[in-house]
Amino acid sequence: MPPPPPRRSSNTGALIAILGGGGVLAIVMIVAILAVTGVFSGGGKSGGGSPADKLAAAAGQLEGLPAVGLKGTLGWGSDKVDGELKVTRSGWASGTVTWGGQNAELITVKDQTYAKAGPGFWRSQGNVSGSPAWANDSRWGRLGNFTLAPAIKKDMTPSALAKNLRDITRYSIRSTEQSSAQGTPALKITTSGGTYFLSADGSPRLLRLETHYPGTAADVTELTGGGQGDAVTELRGRIGELKDAFDQARDPSVFKFSWGSCTASGCTVKSKVWAGRGTSSSVRVTVFVELRAGGPSGTKLGECSNSGSVTSNSIEVSCRVESAAWSRFRGSPGTRRWWGRSKAMAGAVTPEEIRAMLNDLTNA
């Protein structure tokens with residue numbers, strides 16, 4: 001019998017090995033492609049990568065802005081305001097707010113805070129006793145010993161807001177979710193220090209922030225072009241009105257009150273004014289005089305005011321009441337008795353200081 005034909009060698013193992021190797025190669029290539037396209041990357045969301053990347057991108061939008069608008073609540077301890085403020089790159093601010101339940105116009109210039117508000121505001125926030133003639137909603141006043149201006153400068157300028165966003169790391173981010181702010185789709189990022197709403201487009205912008213300290217819950221608007229102009233124009237107008245502003249922290253007093261010539265044409269009143277303890281520099285004071293028939297509750301006969309400068313020494317300031325009511329009263333026959341009161345107000349800023357503020361506003 002002839003021998004059997006030789007067995008054909010099987011290539012199955014080699015084929016499997018090749019297929020197996022090809023499979024591995026294919027898998028490696030697929031993984032590489034997926035990695036490059038970002039499917040396995042940490043961010044996963046379009047428009048800027050991870051939440052930390054988006055916060056950094058929003059910070060880049062804020063840096064270099066001339067001003068931002070803030071609408072909501074801003075609070076530093078007992079200093080808490082609700083309303084709208086425009087804040088420049090240097091920390092100068094202007095707006096209309098509610099402070100301690102009282103409405104007020106507000107500006108901060110360098111480290112000083114000025115407000116224009118009614119008597120209720122000055123009693124509650126300025127510790128002004130009684131109802132002095134100058135503490136009303138037609139006159140600005142400087143608030144001494146308040147932290148609001150330095151706090152705004154430290155925390156609410158465009159660059160300060162940008163730094164806040166850049167300081168947030170991925171380790172402090174607790175959650176992200178889709179939301180909205182100012183009527184715009186937003187990514188809500190909650191961190192250990194607060195919550196931030198960024199626009200959900202390809203160029204993230206800060207739309208709103210809610211932070212634990214400072215105690216802030218406010219919408220944020222980037223002010224450029226016309227918006228920046230509005231902020232500067234508002235500041236310029238209000239700084240110009242400070243020429244008649246009073247200083248809440250200074251309390252000059254009238255320690256002597258005397259009469260000059262009092263005829264039917266008018267009555268001259270002389271007030272001796274002392275600037276107060278601890279005053280070394282010259283203080284501009286304005287004296288307000290009021291006359292009434294008979295006594296403090298009598299019919300008002302007229303008023304007058306005049307100004308002067310005083311340092312550690314006293315100064316005499318005189319003014320003359322001339323009014324129809326006074327002329328009728330004084331010109332009537334018989335004995336006439338009248339009562340007068342004089343109060344002194346310390347000025348907040350000098351004309352030279354106002355000019356310096358307006359000059360510095362160019363770079364604010």
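The model shown is predicted, which means the values in this text are computed figures rather than measured ones.
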Worksheet, complete the sentence: With V97 as partner, the option from L148, L74, V81 fulfilling side-chain contact (heavy atoms from CB on, under 4.5 Å) is V81
Item to complete: Is it possible for you to say whether I173 and L198 belong to one hydrophobic cluster, with membership spreading through side-chain heavy-atom contacts below 4.5 Å?
Response: yes
Worksheet item: Would you call the rings of W326 and F329 parallel, tilted or perpendicular, where under 30° means parallel and over 60° means perpendicular?
Response: tilted
Worksheet item: Just by modelled atom types, is the S261 backbone N or O under 3.5 Å from a matching donor or acceptor in the R320 side chain?
Response: yes
Fill in: Smallest separation among heavy atoms of W92 and M357, with atom names
CH2-O, 3.5 Å
Worksheet item: Heavy-atom distance under 4.5 Å between the side chains of V310 and P252, does that happen here?
Response: no
Worksheet item: Would you say the side chains of R89 and T157 form a donor-acceptor pair under 3.5 Å?
Response: no
Practice prompt. Check whether the side chains of S94 and R238 place a donor and an acceptor atom closer than 3.5 Å, and report yes or no.
Written response: yes
Practice prompt. Verify whether one side chain among W76 and D155 offers a donor that lies under 3.5 Å from an acceptor in the other.
Written response: yes
Worksheet item: Looking only at atom types and distance, does a side-chain atom of R336 sit under 3.5 Å from a main-chain N or O of P333, one as donor and one as acceptor?
Response: yes
Fill in: Over all atoms of both residues, closest heavy-atom pair of W140 and E105
CZ3-O, 3.6 Å
Discussion item. Main chain of F246, side chain of R139: is a donor-acceptor contact present, judged purely on distance under 3.5 Å?
Written reply: no
Practice prompt. Report whether L161 and L165 are members of the same hydrophobic cluster (ILVMFWY, side-chain heavy atoms less than 4.5 Å apart, transitive linking).
Written response: yes
Response to the item:
When rounded to the nearest 0.5 Å, the distance separating CH2 of W134 from CG of D247 is 12.0 Å
Practice prompt. Calculate, to the nearest 0.5 Å, the distance between atoms CZ and CZ belonging to R284 and R250 respectively.
Written response: 13.5 Å
Discussion item. I need the minimum non-hydrogen distance between V87 and A93, along with the two atoms involved.
Written reply: CG2-CB, 4.1 Å
Discussion item. With side-chain contact (heavy atoms from CB on, under 4.5 Å) as the criterion, how do S124 and Q102 come out once you've worked through the C-alpha distance, each side chain's angles and the decisive distance to 0.1 Å?
Written reply: CA-CA 9 Å; S124 63; Q102 302 288 330; 4.0 Å; yes
Worksheet entry | Check: P296 and R341 side chains under 4.5 Å, non-hydrogen atoms | no
Discussion item. Using only atom types and a distance under 3.5 Å, with no angle test, would you say the side chain of S172 pairs donor to acceptor with the backbone of I168?
Written reply: no
Worksheet item: Taking the side chain as C-beta and beyond, is there a heavy-atom pair between L65 and L223 under 4.5 Å?
Response: no
Practice prompt. Examine L70 and V232 and state if one hydrophobic cluster contains both, with Ile, Leu, Val, Met, Phe, Trp and Tyr joined whenever side-chain heavy atoms are less than 4.5 Å apart.
Written response: no
Worksheet item: If every non-hydrogen atom of A181 is compared with every non-hydrogen atom of A186, which pair is closest and at what distance?
Response: N-CB, 4.0 Å
Item to complete: State, yes or no, whether a side-chain contact exists between L187 and Q178 at a heavy-atom distance under 4.5 Å.
Response: yes
Worksheet item: Between R142 and A348, is there a donor-acceptor pair closer than 3.5 Å when you use the side chain of the first and the backbone of the second?
Response: yes
Item to complete: Using only heavy-atom distances, determine whether the side chains of D230 and T233 contain a donor-acceptor pair under 3.5 Å.
Response: no
Practice prompt. Run through R205, R208, K71 and flag the one making a salt bridge (charged side-chain N to carboxylate O under 4.0 Å, His left out) with D219.
Written response: R208
Item to complete: Return yes if some donor-acceptor pair links the side-chain N/O of S253 with the main-chain N/O of F255 below 3.5 Å, else return no.
Response: no
Worksheet item: Do V321 and L301 have side-chain heavy atoms sitting under 4.5 Å apart?
Response: no
Worksheet item: Quick one: do V349 and V283 end up in the same hydrophobic cluster if we chain Ile, Leu, Val, Met, Phe, Trp and Tyr together by side-chain heavy atoms under 4.5 Å apart?
Response: no
Discussion item. Please report the interatomic distance CE(M345) to OG1(T286), rounded to the nearest 0.5 Å.
Written reply: 4.0 Å
Fill in: Side-chain (E210) to main-chain (T190) donor-acceptor, under 3.5 angstrom
no
Practice prompt. Show your working on side-chain contact (heavy atoms from CB on, under 4.5 Å) between W122 and N136 and close with a plain yes or no.
Written response: CA-CA 8 Å; W122 290 109; N136 56 60; over 6 Å; no
Item to complete: Indicate yes or no for a side-chain donor-acceptor contact from E353 to the backbone of T350 under 3.5 Å, with no hydrogens or angles considered.
Response: yes
Worksheet item: Between atom NZ of K256 and atom NZ of K272, what is the distance when rounded to the nearest 0.5 Å?
Response: 6.5 Å
Practice prompt. Kindly indicate whether the side chain of V68, heavy atoms from C-beta on, has any atom under 4.5 Å from the side chain of T221.
Written response: no
Worksheet item: Any idea which heavy atoms bring C319 and V289 closest together, and the distance?
Response: SG-CG2, 3.7 Å
Worksheet entry | Rounded distance (nearest 0.5 Å) linking atom CG of L85 with atom OG1 of T108 | 7.5 Å
Item to complete: Check S309 against S282 and note the closest heavy-atom contact, atom names and distance.
Response: CB-OG, 3.5 Å
Item to complete: In sequence, state the C-alpha distance, the side-chain angles, and the governing distance for N103 and T96, and then conclude on side-chain contact (heavy atoms from CB on, under 4.5 Å).
Response: CA-CA 8 Å; N103 295 330; T96 301; over 6 Å; no
Worksheet item: Tell me, do E290 and W339 make a side-chain contact under 4.5 Å, heavy atoms counted?
Response: yes
Fill in: Close side-chain approach of I107 to L242, heavy-atom, < 4.5 Å
yes
Discussion item. Donor-acceptor check, side chain of T88 to backbone of A364, threshold 3.5 angstrom: yes or no?
Written reply: yes
Practice prompt. Please answer: with hydrophobic residues joined when any side-chain heavy atoms are less than 4.5 Å apart, are I152 and I239 in the same cluster?
Written response: no
Item to complete: Indicate whether the side chain of S265 and that of T263 have a donor and an acceptor atom separated by less than 3.5 Å.
Response: yes
Discussion item. Check whether S180 reaches the backbone of G183 with its side chain - one donor and one acceptor, N or O, closer than 3.5 Å.
Written reply: no
Practice prompt. Kindly compute the distance separating OH (Y196) from CD1 (I189), expressed to the nearest 0.5 Å.
Written response: 10.0 Å
